[in-house]
Amino acid sequence: MKNSEIARVFHDMADLLELKGENIFKIRAYRRAAQVIEHLPKEMAIMLEQGEDFQKIPGVGDAIAKKSTELIKTGKLEAYESLKAEFPEGITRLLEIPGIGPKTAPLLSSELKITSAAQLEEAIQEGKVADLFRMGDKTAQNLLHKIEAMRRKDQRIPIGQALPIVEDILSSLSSLPGVKNMTSAGSLRRFRETVGDIDIMGTADNPENVINEFVAFPVVKEIIAKGPTKASVILAPGLQADLRMVEHDSFGSLLQYFTGSKQHNIALRTKYQKKGLKLSEYGITDVAHDRLEKFATEEAFYKRLGMQYLPPEIREDQGEIELSEEHAIPRLIDLRDIKGDFHAHSDWSDGNNTIEEMALAAKNEGYKYMAITDHSKGLGIAHGLTEERLKEQVREIRGLNQKFKGFRILSGMEVDIRADGSIDMPDHMLAELDCVVGAVHSSFNQSEERVTRRILKAIENPHVDIIAHPPSRLIGEREPTAVDMEAVFKAAVKYKKALEINAMPSRLDLKDIHIQRARELGVMLAIGTDSHIAAQLKLMRFGIGIARRGWCEPKHILNCLSLEKVLAFFKR
DNA sequence: GCCGTTTTCGGCCCGACTGTTTTCAGTCG
C-alpha cells in the first residue's frame with residue numbers, strides 16, 4: 001500500500017471522526033499524520049521492511065503507527081471500516097462543498113437524506129434547507145452560489161498554466177502609481193506542481209485604487225467580492241485570484257502568513273507559543289508585555305525568531321524549522337547555477353527549430369552545453385530518426401560545433417525503452433553519442449513488476465546515461481506508471497546513471513518527494529526541458545522550482561557541472 | 001491522538017467573516 005493511500009484513509013478517518021463529534025485534537029492529529037505521510041519521501045511499506053520505527057515520523061505516535069502497519073500488512077484497517085459503517089455512504093462528499101462543515105453535513109443527511117451537491121441544490125430550491133436549525137434564507141442562498149462557484153471553478157491547475165497568468169497580472173499591478181510591493185503568495189510561491197487559487201499581496205499608497213484597477217483587468221471574468229483592501233475574482237481560465245492590499249510596515253508577516261504552508265505556520269506558531277510569542281499575520285506579540293512587533297519583510301520576521309530565512313519552496317513543516325534555527329538550511333539550486341540542458345528536440349524529429357537555432361538559444365541562456373536528443377525511430381509519430389539519419393545528425397553536429405566558441409552541442413538521442421526494456425537503437429549507434437536519454441512512451445499500464453524490470457533493464461544498458469521521467473505521468477491527464485521508484489533509485493546509484501527532472505509543466509516528473517528521496521540515496525539528477533521549440537528552453541525554471549522543493553543544491557544536479565565533468569559522468 | 005530544554009498529563013495556531021443570534025456557532029484560510 002502506497003503512502004498516498006494510507007494518507008487518504010487517515011484523512012477520511014479525520015472527516016468521519018469530525019462528523020462524529022470526536023475530540024477536535026484527535027481529529028487534528030489524524031489530519032496532521034495524513035499530511036505528513038502523504039509528503040513522506042520514502043514509502044512506509046519500505047520503511048516497514050527495513051525495520052524503521054514509524055514513531056520517528058513527526059505526528060505519528062503509537063496508535064497511528066500501529067494502524068499504518070495494519071494497513072500495509074493487510075490492506076485494510078478495522079477501525080476505519082467500523083467507523084465508515086456508522087455513517088451513510090457519501091456523507092463525507094458533503095464536506096467538500098464550501099460552507100458545509102461537520103455540523104451542517106450530518107444535519108442535512110439525517111433531516112433531509114442529502115448526500116450530494118445536486119441533492120442539496122434541489123432541497124434549497126424547494127425551501128427545505130432554510131427551515132433547518134441555525135440555517136436561514138440567506139445561508140441557503142449563499143450555499144447555492146457556492147455550489148455554482150464550485151462547479152465553475154476548475155480543480156487545481158498545473159503551475160505552468162497559472163504562473164504566466166499571474167506574472168502578467170503582477171507586472172500590470174506593479175506598474176500602477178503608488179505601488180510599493182506586489183508579489184504572489186500561497187502554493188504558487190511555494191512552487192507546488194498544481195495551484196488551487198492565486199494569492200497576490202501588495203502594498204501601495206492608494207490601495208483602493210489598485211483594487212479598482214485589478215478587478216477591471218480583461219483577464220477577470222467575474223468579481224466575487226470587492227472591498228477597500230481585498231478583492232476576490234475568477235480569472236478567465238476558471239481560477240480564483242485574491243488580491244490583498246496591506247500596510248507597508250506589516251507586509252513581511254502578511255506575506256509569510258499567506259505563503260504558508262498552513263502546516264509550516266501551525267508548527268511555527270505552536271513552537272513559539274511555548275516560548276511566549278504569539279505569531280499572527282500582523283506580526284509577533286510578546287505575550288508577557290502584550291506588545292505587537294510588525295515586520296516589513298519576511299527576512300526580518302524570521303530573524304526576530306532567531307531563524308535563517310527560509311525559501312518558500314521548502315516551507316512544508318518537514319524539518320525546515322529546526323534546521324533554520326540551527327542556521328543549517330543549504331543554499332538551494334538557482335537558475336544561475338545551470339550550465340546546460342540535457343533534453344531538447346530539433347526539426348530532425350518532432351521539434352520546430354534547427355539544431356543551430358536551438359544551440360544559439362541555449363547559448364543565449366548563458367549555457368555552456370546542450371544535448372540534442374531527438375526521438376528514435378520507435379516513435380513513428382514523432383518522426384524518429386533511423387540509424388542512417390542519426391549518423392547524418394552526428395556529422396552535422398560535429399560541423400556546427402566548429403562554429404561555436406565556449407559552447408558545445410552534445411550529440412544525443414531520446415531512445416524508446418520498449419515494453420520489454422530493450423532499446424530501439426543498436427548499441428553500436430548509441431556508442432557514437434555523447435548522451436543517451438531513455439524514456440518510456442508506451443505500455444503505461446504494465447504491472448509494477450514488469451514496468452520496474454523494464455526500466456531497470458534500461459538503466460543497466462551501459463550506453464544509456466539518463467532515464468527520463470520514469471513514472472511518465474501527465475499532470476491531471478495520465479496517472480504515473482506503477483514503477484517501484486525505490487528500486488529505480490538504487491539501480492541509478494549502482495550503475496551511476498542520472499535520473500531526469502522533466503521541466504515541462506505538464507510533467508514535472510520526477511516530482512518533489514521523488515527528488516528528495518533520490519537525493520538522499522545519492523542519485524545524480526539531470527534537469528531537462530524537453531524543448532520542442534527554442535522558446536521552451538525557458539521552462540528550465542519549472543525544473544528548478546521542483547528541484548528546490550526537493551531541497552536540491554547545485555551538487556545534486558548534473559546541469560551545474562562543467563562540460564568536462566558532465567562528459568566524465570557519462571564516461572565518454 | 002500526539003508531544004515534552006517548563007509537562008508522561010494537560011495542553012494542543014490564530015484571526016476573520018457571516019448569519020443567526022442577543023453573546024456566539026460554524027466555517028474558512
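Computed over heavy atoms, backbone and side chain alike; hydrogens, waters and symmetry mates excluded. Letters A, B, ... are given to chains in the order of the sequence lines, protein chains preceding strands, and every chain is numbered from 1.
If you take CD of Gln55(A) and P of dG1(B), they are 13 Å apart, rounded to a whole angstrom. The CD atom of Gln263(A) sits 15 Å away from the P atom of dC2(B) (whole-angstrom rounding). As rounded to whole Å, 8 Å separates atom P of dG1(B) from atom CE of Met13(A). The nearest whole Å value for the distance from the CD1 atom in Ile37(A) to the P atom in dG1(B) is 14 Å. Taking atom CD1 of residue Ile24(A) and atom C1' of nucleotide dC14(B), one finds them 14 Å apart after rounding to whole Å. Distance CZ (Arg28(A)) to C1' (dC14(B)): 10 Å, rounded to an integer number of Å. Computed from coordinates, the Leu268(A) CG to dC14(B) C1' distance equals 12 Å when rounded to whole Å. To the nearest angstrom, P of dC13(B) lies 16 Å from CG of Leu305(A).
Separating the C1' atom of dC3(B) from that of dC13(B) is a span of 16 Å, rounded to the nearest Å. dG1(B) and dT5(B) have their P atoms separated by 23 Å, given to the nearest Å. Comparing dT18(B) with dT8(B), their C1' atoms are spaced 42 Å from each other, to the whole Å. For dA25(B) and dT20(B), the C1' atoms lie 9 Å apart once the distance is rounded to whole Å. Using atom C1' as the reference point in both dT7(B) and dC2(B), the two lie 13 Å apart (nearest Å). Taking atom C1' in both dG15(B) and dG10(B), one finds a spacing of 24 Å when rounded to whole Å. Spacing of P atoms, dT21(B) relative to dG26(B), comes out at 12 Å, to the nearest Å. With C1' as the reference atom, dC12(B) and dT6(B) are 16 Å apart, rounded to whole Å.
Across all non-hydrogen atoms, the minimal contact from Asn265(A) to Gly260(A) is ND2-CA, 3.7 Å.
Lys42(A) and Asn3(A) form no side-chain donor-acceptor contact under 3.5 Å, judged by distance and modelled atom types alone.
At the phosphate of dA16(B), OP1 or OP2 sits under 4.0 Å from a side-chain N or O atom of Tyr282(A). Residue Lys26(A) places none of its side-chain N or O atoms closer than 4.0 Å to OP1 or OP2 of dC12(B). Considering only side-chain N and O atoms, Thr270(A) lies under 4.0 angstrom from the phosphate OP1 or OP2 of dC13(B). In this structure, Asn142(A) does not reach the dT18(B) phosphate: none of its side-chain N or O atoms is under 4.0 Å from OP1 or OP2. Within the structure, every side-chain polar atom (N or O) of Thr139(A) is placed at least 4.0 Å from both OP1 and OP2 of dT18(B). For the pair Gln273(A) and dC14(B), the criterion of a side-chain N or O lying under 4.0 Å from OP1 or OP2 is met.
Of the two residues contacting DNA chain B, namely Asp62(A) and Lys275(A), the nearest-nucleotide position lying further toward the 5' end is that of Asp62(A). Of the two residues near DNA chain B, Leu279(A) and Arg32(A), the one whose nearest nucleotide lies more 5' is Arg32(A).
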Full working for salt bridge (Lys or Arg N to Asp or Glu O under 4.0 Å) between Glu167(A) and Lys538(A): CA-CA 14 Å; Glu167(A) 283 171 343; Lys538(A) 295 277 183 202; over 6 Å; no
Go through the steps for Glu486(A) and Leu521(A) under the test side chain to side chain contact (heavy atoms under 4.5 Å, CB included), then give the verdict. CA-CA 9 Å; Glu486(A) 188 82 1; Leu521(A) 290 171; 4.0 Å; yes
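Test Arg190(A), Glu316(A), Gln318(A), Glu320(A) against His264(A) for side-chain hydrogen bond (donor to acceptor under 3.5 Å, both in side chains) and you get one pass: Glu320(A).
Looking at heavy atoms from C-beta onward, Ile333(A) lies in side-chain contact with Arg548(A) at the 4.5 angstrom threshold. Under the 4.5 Å side-chain criterion, counting only non-hydrogen atoms from C-beta, Phe54(A) is not in contact with Ile37(A). Contact check for Tyr272(A) versus Arg304(A): no side-chain heavy atoms found under the 4.5 Å cut-off.
At a threshold of 4.0 angstrom between heavy atoms, the contacts of Lys278(A) are confined to the sugar-phosphate backbone, with no base atom among them. Among the atoms of the strands shown, only primed sugar atoms or phosphate atoms (P, OP1, OP2) are found under 4.0 Å from some heavy atom of Tyr30(A). Within 4.0 Å of Ile266(A), counting heavy atoms only, lies at least one base atom of the nucleic acid.
Syn is the conformation of dT7(B), whose glycosidic angle sits no further than 90° from 0.
Of all nucleotides listed (dC13(B), dC2(B), dT7(B)), dT7(B) comes nearest to the side chain of Lys274(A).
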Check nucleotides 26-29 of chain B for protein N or O atoms closer than 3.5 Å to its own N or O atoms and list the pairs.
from    : atom 1 : to        : atom 2 : distance (Å)
dT27(B) : OP1    : Gly101(A) : N      : 2.7
dT27(B) : OP1    : Gly101(A) : O      : 3.4
dT27(B) : OP1    : Thr104(A) : N      : 3.1
dT27(B) : OP1    : Thr104(A) : OG1    : 2.3
dT27(B) : OP2    : Pro102(A) : N      : 3.3
dT27(B) : OP2    : Lys103(A) : N      : 3.1
dT27(B) : O5'    : Gly101(A) : N      : 3.4
dT27(B) : O3'    : Gly99(A)  : N      : 3.4
dC28(B) : OP1    : Gly99(A)  : N      : 2.4
dG29(B) : N2     : Tyr257(A) : OH     : 2.7
dG29(B) : N3     : Tyr257(A) : OH     : 3.2

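For dC24(B), the paired base is dG19(B) (Watson-Crick or G-U wobble, both distances below 3.5 Å).
Salt bridge present: Arg31(A) and Asp15(A) bring a charged side-chain N and a carboxylate O closer than 4.0 Å.
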